[in-house]
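Below is one structure; the comments refer to it alone.
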Amino acid sequence: MNTYNPLVALVIFFGLSLLAYLLLRPHKGWIWLIKKGSHSNDKIIVEDILKRLYHNENAGKHLNVNDIVRTMRQNDKMVIESIDVMVNQGLIRMEGDVVKLTKLGSEYALRIIRAHRLWERYLAEKTGFSKSEWHELAERKEHELSMDETNRLAYKLGNPQYDPHGDPIPTNTGKMAKLKGVPVSELQVNTIGRIINIKDKPDIIYKQILAENIHIGSIIRVVEKSATRIVFHSEGEAFKLAPILAGNITVSILEKDLSYEEDVSRLNILKKNETAKIIGISKEIRGESRRRLLDLGFVKGAEVSIDLLNPLGEPKAYLIKGTSIALRNNQASKILIKK
Amino acid sequence: MMQKNIDNIIAQSNDLRWQIGDEFHDNLAEGIYADAAEIVKASVHKPNENNRLRLDAKIDKIITSKTWGFPLMFLILAVVLWLTIVGANYPSSMLADLLLETIHPALKGYASTLGIPWWLDGFLIDGVYLAVAWVIAVMLPPMAIFFPLFTLLEDFGYLPRVAFNLDHLFKLSGAHGKQALTMSMGFGCNAAGVVATRIIDSPRERLIAIITNNFSLCNGRWPTQILIATIFIGAVVPSSFAGIASLGAVIGIAVLGICFMFLVSWALSKTVLKGEVSTFNLELPPYRPPRFWKTLYTSLIDRTLIVLWRAIVFAAPAGAVIWLISNIYVGDVSVAAWLIQSLDGFGFLLGLNGVILVAYIVAIPANEIVIPTILMLTVLVTGVSGGEGAGVMFELDSVNATGDLLRAGGWTLLTAVNLMLFSLLHNPCSTTIYTIYKETKSAKWTVVASILPVILGFVVTFLVAQVWRLLM
C-alpha cells in the first residue's frame, strides 16, 4: 500500500478527469453526441429547411436546391434525401430549379416558427436564461414541442403577440401580426421612433447590439447620419452604431411632437441629492422582476431619490415611497426617469 | 344561430386582443398602482419623522462608508464568533461533566444493579445515550450564544446593511448579497443557515445559498479544527508561536471555506442553475432598538431548540450504529474493524485513513461526534490502551494525550492537514440534509447539495496528498 507512486496517481486522476470532461461536457460531450445521434435527425432537417424557405419567401427570395444544401450546416446527402422526402409528402414542390413551399409546407413552417417564438417568450418571462441564449435554446426546443404542447404553452403565457425580440408570434390558425417598421439605418435625421424589433440573427451582430444596451420599447431620436455611422439619442444616452448594426434594429416612426422628452434618463445616472419622477420600466425587465419592482412602488409618477451610496459602487439604495430599496445598476438602468 | 353568435364574439375578442397590443397588461397594472399611490397621498398623513430619519442617516453613513464599513463588519463578525467559541467553552464543559462524567457512569451503575444484559445496556447507554449527550453538550451552548447575538443584530437592522455593503462581491459570483447573512448564520449552524435562506426571494440565488451553505464552518466543526490544529500545526513551529500558528490555520480553513463558497456559487450560477429565475432587490429597513427579551425568546425557541431537537433525533440512531458496528463480529473481526480495513487503502490515497472515513460515515448525523468516534475507533484497531471499551465514544482531558493516541494511530502532519480540509469539505450533517430537503422540496437539489462538497473534499485532499508526497 505504501509503495505506490504519487505521480502515477496524479496522472491517472487527471486522465480520468479529462475523460469525464469529454464524456459529459454539455452539448459537445460524447454522451450528448450519442444521444443526439440516436434521435431521428431527419425531422430536424426537414423542419429547418421549411423554416429557411418560409423566411426567404417572406423576403421575396426563392431558393434552389443548391442554395439549401449550401446554407444548411448538415451532411449534403442527408439534406438532398430530405428534400426528396419533402416533395413526396407534399410539403414543397419544384418549379424548375426553384424550391417552393406548398400550402401544407408553409402551414408546417408557421407551426415551427410559432413554437420557436413562444419558447423564446417563455424563456424570457419564466426563466433566468440570459438574452443571448434564448435563440439557441429555442432552436432546439422548436423541434420537440408538439402542436398540443405549443397551444398549452401559448395559453399559459396569455397568448402573447410578440416574442421578446419583437417578432410577431403566429396564432394557432396561422395568423401573424405585420411588423410595420423601418430599419434604423434608413431613418432621416431628427426622426423619432420606438424600437419594436431587434433581429436575433446573425448571432454576432445580435450580441453586439445587446452589448450596446439597446432595448425594445425605447424611444429614439436620430441626430446624425453618415455612410459610416448613425448616431441616435435614447433615454439620456447617445448611441453610435455602424449601419450594419442599425439595419437590424426596426423602429416604428412616431409623430414628431408625440411624447418624446429629451430629458428622459435612466435611474442609474441619478446623482445624490437629486429627485426625479419615474416615467416607466423598460420592456427589458420582465416577468417576476418586473412585478417585484412594481410591488415595491417603482411605478409611473412616483418620486425617487438616492438614499445611500455603496462602498463598492453598487447596489445603490433608492428612497421610494418612504422606503429604502437597494437596486443593482443593471436594474436601475432600465427604470426611466425625468429629472 | 346561437353557435354563430358565440363564434362571432370569440372572433371579435381575438381581433380586439390584437388591437390592444402587448402592453395592455402592463398599463393596467401600472394604472392600478398609480391610482393606489394617489389615494394614499390624499388620505394618509404621516407624522413628521425627520428626527429619526436624521439619526438613521447618520448611522447609515458610518456603516456603509468606504473607510468604516468593512472593518466594522469584520470586527462585529469576529466578536460574535469569539464570544460564541470562547464563551461556549464553560457551559460546554459543565454540561459534559454533568452528562458524560456524572450521569453516564450513574446510568451504567444503575443498569448493572438492575441486571440488564450487557448488550442492551451497551446499545442504549453507551450508544444512544452517549451520542445524544455529546451532541447536546457540544452543540447547545454555542448555539444558545450565537443565535441570540445574531438575531439581535438582525432586529437592530444592521444585517441588511451588511448585505448591502457586500452585494457587489456576491453579484460577481452570481449570488445575492443576503447570502452574506446566511453564510454567517452557517458559521453557527448550517441547518439554521439553510433555513435563513428564506430571506432571499430570488429562486436561483436562494438555491445557490442553500447548496453552498455547507462551506461555512459550523459550530460542530470549529472544535475539531481547533483541536487538530493545536496538536499538529502548533507542533511544527517553535512553541512560542504555537498558539498563533494553530489559530492562523483554523482561520485559514474558514477563509478557504468562504473562497469555495464563492467559487461554487459562481460555477452553479453559470451551469446547472442558469435557467432559474433571478431577481434582485433589498429593502433597508429603518433602525430600531432591538426587542431584547422577545429576540432572546424567539431565537432560543425557533432556532436553537428546533435545530437541537433535529440533531438529537438524528444523533440517537448514529450512537446506536456506532456501538453496533464496534460490537458485532463477523468471523473474528468487528464490523468496524472490517470497514476500517477495507477503506484504509482509499483513505491512504486521500492522505487520510480508514478510521477517519468510517468515523465520517457513521457520524453523518452530527459533526460533534467525529472526534470521539475517531478516538474510539483508533483504540479499537490499534489496541493501544485507553478509552472505555468498544463502541464507547470518549474524549481525553489533555490535548497532549489525544495527540499521542492519534500519532499511535499512524497520524502525520499530512493526516492532520487533510482532516482539517475534509472536515470543511464533506457532506452536510443529516440535520442539514433534511433541512435542505424541507426547504427546497426537491430530491435533486438535496442530492447535489450533499454530494458536491464530499466530491470536492475527495479531490482536494487527494491532490494535497499527492503533491505533499512528491515534495516531502
Side-chain angles (χ1 to χ4, degrees), chain A residues 1-2 4-7 9-10 13 17 26 123 126-130 133 137 158-162 171 173 175 177 217 280-281 283 285 287-302 307-317 321-328 330-331, chain B residues 14 17-18 21-23 25-26 29-31 33-34 37-38 40 46 49 57 60-61 64-67 69-70 160-161 163-169 171 177 201-204 271 273-286 344-345 348-349 459 462-463 465-470:
Chain A
M1 187 177 86
N2 286 320
Y4 88 115
N5 184 344
L7 205 57
L10 274 179
F13 171 77
S17 307
L123 292 174
K126 308 278 182 191
T127 73
F129 287 103
S130 80
E133 289 172 296
L137 289 169
N159 290 312
Q161 211 171 352
Y162 294 100
T171 61
T173 51
K175 263 203 237 168
I281 303 175
K283 282 263 161 293
I285 294 193
E288 200 58 32
S289 308
R290 188 180 190 88
R291 236 157 302 153
R292 203 52 66 79
L293 284 177
L294 291 172
D295 284 347
L296 290 170
F298 289 89
V299 290
K300 214 179 276 175
D307 185 41
L308 266 184
L309 295 172
N310 193 296
L312 295 176
E314 74 166 334
K316 291 176 200 153
K321 294 191 189 289
T323 315
S324 182
I325 304 285
L327 295 180
R328 289 173 175 171
N330 61 352
Q331 295 171 294
Chain B
N14 275 340
R17 179 198 290 284
W18 287 79
D22 249 8
E23 289 179 14
H25 283 112
D26 244 65
E30 277 183 358
Y33 281 114
E38 285 298 315
V40 169
K46 283 183 216 150
E49 288 186 332
D60 267 340
K61 205 159 197 172
T64 64
S65 77
K66 269 189 183 150
T67 8
F70 289 94
R161 269 79 181 175
F164 177 72
N165 281 348
L166 288 174
D167 180 69
H168 188 65
L169 294 180
K171 186 193 167 200
D201 48 14
S202 166
R204 184 201 295 173
T271 56
L273 288 178
K274 71 178 171 185
E276 301 286 328
V277 178
S278 161
T279 64
F280 176 83
N281 59 68
L282 177 64
E283 198 184 327
L284 300 175
D344 237 359
F348 180 78
L349 205 60
V459 171
F462 171 80
L463 290 177
Q466 309 319 314
V467 172
W468 188 289
R469 281 167 191 155
L470 280 177

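Throughout, a chain's letter reflects where its sequence line sits, starting with A, and its residues are numbered from 1.
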_Backbone of A:Ala9 reached by a side-chain donor or acceptor of B:Gln466 within 3.5 Å_ = no

*Considering only heavy atoms and a distance below 4.5 Å, find which of B:Leu169, B:Thr279, B:Thr271, B:Asp167 pairs most often with chain A.*
B:Asp167

_Does any backbone or side-chain atom of A:Glu314 lie under 4.5 Å from a heavy atom of chain B? Answer side chain, backbone, both or neither._
both

*Which bit of B:Ser65 is near chain A, if near means a heavy-atom gap under 4.5 Å: side chain, backbone, both or neither?*
backbone

*Given side chain to side chain contact (heavy atoms under 4.5 Å, CB included), test A:Phe13 with B:Leu463 step by step and report yes or no.*
CA-CA 9 Å; A:Phe13 171 77; B:Leu463 290 177; 3.9 Å; yes

_Residue pair B:Thr64 / A:Leu309, side-chain heavy-atom distance below 4.5 Å_ = no

*Quick one: pull up CG in A:Leu312 and CG in B:Leu166 and give me the separation to the nearest 0.5 Å.*
7.0 Å

*asked:* Heavy-atom pairs under 4.5 Å with chain B: which of A:Ile285, A:Thr323, A:Asp307, A:Asp295 has the most?
replied: A:Asp295

*What distance separates A:Ile325 CD1 from B:Leu284 CG, expressed to the nearest 0.5 Å?*
7.5 Å

*Of the non-hydrogen atoms in A:Pro315 and B:His168, which two are nearest, and what is the gap between them?*
CD-N, 4.4 Å

_Smallest separation among heavy atoms of A:Ala317 and B:Phe164, with atom names_ = N-CE1, 3.7 Å

*Any donor and acceptor pair, going by atom type alone, linking the side chain of B:Asn165 with main-chain N or O of A:Pro311 inside 3.5 Å?*
no

*Give the member of A:Arg328, A:Arg292, A:Gln331 that has the highest number of heavy-atom pairs under 4.5 Å with chain B.*
A:Arg328

*Who wins among B:Glu38, B:Lys171, B:Lys61 for the most heavy-atom pairs under 4.5 Å with chain A?*
B:Lys171

_Stepwise side chain to side chain contact (heavy atoms under 4.5 Å, CB included) check, A:Leu293 with B:Asn281_ = CA-CA 8 Å; A:Leu293 284 177; B:Asn281 59 68; 5.5 Å; no

